Amino acid sequence: MSTIPPIDLARQYTTIRDAIETAVLEVMASGQYVGGGMVTAFENEFASYVGSAAGVSCNSGTDALFLALRALAIGSGDEVIVPSFTFVATAEMVSAVGATPIFVDIDPATFTIDPDQLVVAITDRTRAIIPVHLFGHPADMDRILEIAQTYHLKVIEDCAQATGAMWNDRPVGSLGDIGCFSFFPTKNLGAFGDGGMATTNNPEWAQQMRVIKEHGSPQRYHHTEIGINSRLDALQAAILRVKLPWLDRWNTARREVAARYTAMLDSIAGLVLPQEAASARTVWNQYTIRVNVEDSKTLPATQDGSMRDRLRQRLLDRDVISMVYYPRSLHQQPVYASPDRPPLPKSERAAREVLSLPLFPELTEAEQERIVNALKDSLVGL
């Protein structure tokens with residue numbers, strides 16, 4: 001029996017192989033491999049899809065965060081509020097510009113930043129909030145934007161896992177001041193390598209990001225500030241242009257896969273299923289359950305992730321590969337850990353319990369049944 005992977009990019013490729021190969025060959029024949037019309041066209045098309053005036057392409061979603069922070073002149077002495085339960089890049093880029101990331105807890109139902117905890121964390125040094133639309137679920141942007149307006153803060157949306165998601169029928173990346181996207185291959189809109197984009201309605205910030213990503217140079221050999229080299233290759237832009245018209249149907253397929261999981265897993269004791277807020281249209285970059293050992297009447301309590309990890313190994317023994325995003329919250333990472341840092345119990349518990357099941361648009365119903373049956377079998381006697 002074949003192994004079911006967490007994502008199968010080869011299946012997606014087979015559906016668009018001819019268009020991808022044609023686009024790549026056209027770029028190769030053009031001789032324009034960095035910048036040029038292909039990149040500009042993708043920037044415009046993606047910005048239009050998101051509903052923003054400008055798109056600034058770059059090397060990665062991480063760089064998009066860096067460019068956004070720099071464009072907003074955030075640096076030494078400033079504080080930026082971020083959720084602790086997310087990938088390190090969100091906080092890492094705050095540190096990279098010389099500012100201090102302030103970690104706050106999450107809403108356990110959606111894994112996104114808790115607006116109530118956000119308010120408590122604001123000080124006279126706070127300059128910005130970075131809500132992360134984690135696992136494809138938008139953060140509560142109504143509350144976040146209201147708080148930002150009240151306290152005169154900037155909002156940088158981390159949309160790395162949520163391309164195509166919406167909050168109150170508005171696309172993520174168009175709600176805050178700047179949206180930051182990743183085109184890493186496993187994302188909903190993935191390149192064949194690294195890539196990223198920052199979106200904004202502010203032309204000055206867009207221009208500032210373009211200057212920074214080109215070595216701080218508004219024109220060749222004229223450098224006005226310290227910048228970086230962060231460009232999206234024309235080959236990746238061509239591939240992403242082919243994929244972009246498919247994104248909505250792929251996201252619809254992800255929603256269908258998620259709905260089937262929820263229906264099949266609803267009655268299994270010891271598991272907590274992901275939820276979707278009423279205002280959200282989630283695009284399910286991951287379908288993340290909780291092995292809820294602390295509340296379960298059938299599973300013994302544990303203070304670490306050992307129960308979840310044993311379940312993951314049992315699934316692997318049954319040819320199902322699951323993933324853990326993330327086994328340690330950022331405030332507990334060695335680079336950020338401090339004895340003076342207060343605990344964030346909801347983030348810490350999520351790190352102990354989360355398990356992401358295989359999810360990609362081409363996952364079949366038969367494969368899902370295999371996964372669910374393997375999950376049921378693996379929970380027995382755990």
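Counting begins at 1 with the first residue of the sequence. Owing to the predicted nature of the structure, the values given are computational and were not obtained by experimental measurement.
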Working for salt bridge (charged side-chain N to carboxylate O under 4.0 Å, His left out), residues Glu214 and Arg220: CA-CA 9 Å; Glu214 295 281 354; Arg220 195 172 187 182; over 6 Å; no
Given Phe111, Phe135, Tyr261, Tyr325, the one that forms ring-ring contact (aromatic ring centres under 6.0 Å, His included) with Tyr287: Tyr261
Contacts satisfying salt bridge (Lys or Arg N to Asp or Glu O under 4.0 Å) that involve residues 154-165 (not counting sequence neighbours) are none
In sequence, state the C-alpha distance, the side-chain angles, and the governing distance for Val132 and Ile113, and then conclude on side-chain contact (heavy atoms from CB on, under 4.5 Å). CA-CA 7 Å; Val132 180; Ile113 195 168; over 6 Å; no
Filter on salt bridge (Lys or Arg N to Asp or Glu O under 4.0 Å), then keep only pairs touching residues 96-123, sequence neighbours left out; what's left? Asp114-Lys346, Asp116-Arg143
Is the count of non-hydrogen atoms from other residues, nucleotides or ligands lying under 6.0 Å from Arg281 atom CZ greater than 12? no
Gap between atom CZ of Arg290 and atom CG of Leu273 - 0.5 Å precision: 11.5 Å
Begin with the C-alpha distance, continue with both residues' side-chain angles, and end with the deciding distance and a verdict on side-chain contact (heavy atoms from CB on, under 4.5 Å) for Asp319 and Arg370. CA-CA 9 Å; Asp319 298 312; Arg370 269 186 60 194; 3.7 Å; yes
Taking atom CZ as the centre, does Arg249 end up with more than 12 heavy-atom neighbours from other residues, nucleotides or ligands that are less than 6.0 angstrom away? yes
Could you tell me if Thr200 and Ser52 have a donor-acceptor pair between their side chains, going purely by distance under 3.5 Å? no
Tell me every residue that passes side-chain hydrogen bond (donor to acceptor under 3.5 Å, both in side chains) with Asp78, counting only those two or more places apart in sequence or in another chain. Arg127
Tell me every residue that passes side-chain hydrogen bond (donor to acceptor under 3.5 Å, both in side chains) with Ser60, counting only those two or more places apart in sequence or in another chain. none
Would you say Asp140's side chain and Pro115's backbone share a donor-acceptor pair under 3.5 angstrom? no
Would you call Ile212 and Met209 a side-chain contact if the rule is heavy atoms closer than 4.5 Å? no
Could you list the donor-acceptor pairs under 3.5 angstrom formed by side chains in residues 65-77, with sequence neighbours left out?
from	atom 1	to	atom 2	distance (Å)
Arg70	NH1	Ile226	O	3.2
Arg70	NH2	Glu225	OE1	3.0
Arg70	NH2	Ile226	O	2.7

Would you say Asp177 and Asn202 are linked by a side-chain donor-acceptor pair, where the criterion is simply a distance under 3.5 Å? no
Please step through salt bridge (charged side-chain N to carboxylate O under 4.0 Å, His left out) for the pair Glu79 and Arg125, ending with a clear verdict. CA-CA 6 Å; Glu79 294 177 351; Arg125 291 187 174 185; 5.1 Å; no
Side chain to side chain, Gln236 and Phe183, heavy atoms closer than 4.5 Å: no
Hydrophobic cluster membership, with links at side-chain heavy-atom distances under 4.5 Å among I/L/V/M/F/W/Y: are Phe42 and Ile239 in one? no
Can Arg170 be said to sit on top of Trp167's aromatic six-ring, NZ or CZ under 6.0 Å from centre and within 45° of the ring axis? no
Counting only heavy atoms not in Gln219, do more than 12 sit closer than 6.0 Å to its CD atom? yes
What pairs with Tyr326 under ring pair (Phe, Tyr, Trp, His ring centres under 6.0 Å), at least two apart in sequence or on another chain? Phe85
For the CG atom on Asn229, are there more than 12 heavy atoms of other groups (residues, nucleotides or ligands in this structure) within a distance under 6.0 Å? yes
Do Glu348 and His331 have a side chain donor and acceptor closer than 3.5 Å? yes
Between Tyr336 and Ser84, does any side-chain donor sit less than 3.5 Å from a side-chain acceptor? no
Using a 4.5 Å cut-off on heavy atoms from C-beta on, say whether the side chain of Phe192 contacts that of Leu9. no
What are the two closest heavy atoms between Thr282 and Pro138, and how far apart are they? OG1-CD, 4.1 Å
Do Glu367 and Thr364 have side-chain N/O donor and acceptor atoms under 3.5 Å apart? yes
Report whether Phe184 and Ile7 are members of the same hydrophobic cluster (ILVMFWY, side-chain heavy atoms less than 4.5 Å apart, transitive linking). no
Please report the shortest heavy-atom distance between Ser378 and Ala374, naming the atom on each side. OG-O, 2.7 Å
Using only atom types and a distance under 3.5 Å, with no angle test, would you say the side chain of Lys213 pairs donor to acceptor with the backbone of Ser57? yes
Ignoring hydrogens and angles, state whether a donor on the side chain of Asp317 or Gln313 is under 3.5 Å from an acceptor on the partner side chain. yes
Considering all heavy atoms of both residues, which atom of Ala191 and which atom of Leu240 are nearest to each other, and what is their separation? N-CD2, 3.8 Å
Going by atom types alone, do Asp194 and Asn59 pair a side-chain donor with an acceptor below 3.5 Å? no
Cationic N near anionic O, under 4.0 Å, Glu353 to Arg349: yes
